[in-house]
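Being a predicted model, the structure only gives us computed values, none of them experimental.
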Amino acid sequence: MFRAYLVDDELPALKRLARLLQATGRVEIVGSEVNPAVAIEVIRVAAPDILFLDIQMPELTGFDLMARMERQPFVIFTTAYDQYALKAFEVNSIDYLLKPVEPEELDRALNKLEQFQGARGPVDLRGVLEALSRSAPLQRIPIRMGERIRFLEVVRITHFFTTGRLTFAAAEGKTHAVDWTIAELEEKLGPARFFRIHRGTLVNLDWLEELTPWFTGRMAARLKDEKRTELIVARDRVRLLKRHLGL
């Protein structure tokens, strides 16, 4: 079992997380604290395996707390604010959970933590996280909305496409700018759900409704969105798509 310490300035959130962790039967809670300044010394003594850490707290943020730790345990951040997610992965964190924490998301984070359990000696967590992100398909992607960054669930995205040098995600009748190229998205999302039907188009196969022959050996792919979007499958991708779909 993992020995865990919990830090959150909101007592109800702290109690909820404790109940969820106890219910998993996978974690022993060795302590908890609402004051991050007090928690630092306690964590040094308790030496937990994993630290569940709120980000936005008075006096010290979760990032500030980590910066003051001499020995840093594995960390799973808990936050109500999406904008902290990207920064969370720039430090030694395993995962982050959005509040209110749900049991399914907690199990996912604990599963990810188990992948680090056998590590010995100094661990380059950032490098491991990058490797893990390459092997595990993304569940959400960052999208730009002016100066803000929000996160969009991958299951809601019907397809990605390029216009000029820009990449966009299409979801629920709207398009959103994405910082990654189609090639990068293809690698990060994995072939199980997304398939590249054209040099500049990546389709979510869960949204694929119909395939029909098109001119010059191409095919038309109709999606199940409200607009019944129709996309063209490039001739050199038709055979690969059929094979991928078992046709």
Open item on the list: Rounded at 0.5 Å granularity, tell me how far CZ in Phe161 sits from CD1 in Ile197.
Closed with: 12.5 Å
TODO: Answer whether the closest heavy-atom distance between the side chains of Leu185 and Arg196 falls below 4.5 Å.
DONE: no
Task: Value rounded to 0.5 Å, distance of CG in Asp64 from CD1 in Ile55 - done: 11.0 Å
Open item on the list: If I take atom CD from residue Glu28 and atom CZ from residue Phe2, how far apart are they, to the nearest 0.5 angstrom?
Closed with: 12.5 Å
Task: Donor-acceptor under 3.5 Å (Thr158 side chain, Trp207 main chain) - done: no
Using atom types as modelled, flag every donor-acceptor pair under 3.5 Å from a side chain in residues 12-20 to any protein atom, sequence neighbours excluded.
{"residue": "Arg16", "atom": "NE", "partner": "Val101", "partner atom": "O", "Å": "3.1"}
{"residue": "Arg16", "atom": "NH2", "partner": "Val101", "partner atom": "O", "Å": "2.6"}

Task: Nearest non-hydrogen partners of Phe52 and Leu21, listed with the distance - done: CZ-CD2, 3.6 Å
TODO: Of all the heavy-atom pairs spanning Lys227 and Gly173, show the shortest one and how long it is.
DONE: NZ-O, 3.6 Å
Open item on the list: Which label fits His244 and Phe195: parallel for a plane angle under 30°, tilted from 30 to 60°, or perpendicular past 60°?
Closed with: tilted
Task: Between CG on residue Leu6 and CD on residue Glu33, distance to nearest 0.5 Å - done: 11.0 Å
TODO: Taking atom CZ of Arg68 as the centre, report whether more than 12 heavy atoms of other residues, nucleotides or ligands fall under 6.0 Å from it.
DONE: no
- [ ] Rounded to the nearest 0.5 Å, what's the gap from CG on Leu189 to CD1 on Ile141? Could you check?
- [x] 7.0 Å
Task: Greater than 12 external heavy atoms within 6.0 Å of Arg235's CZ - done: no
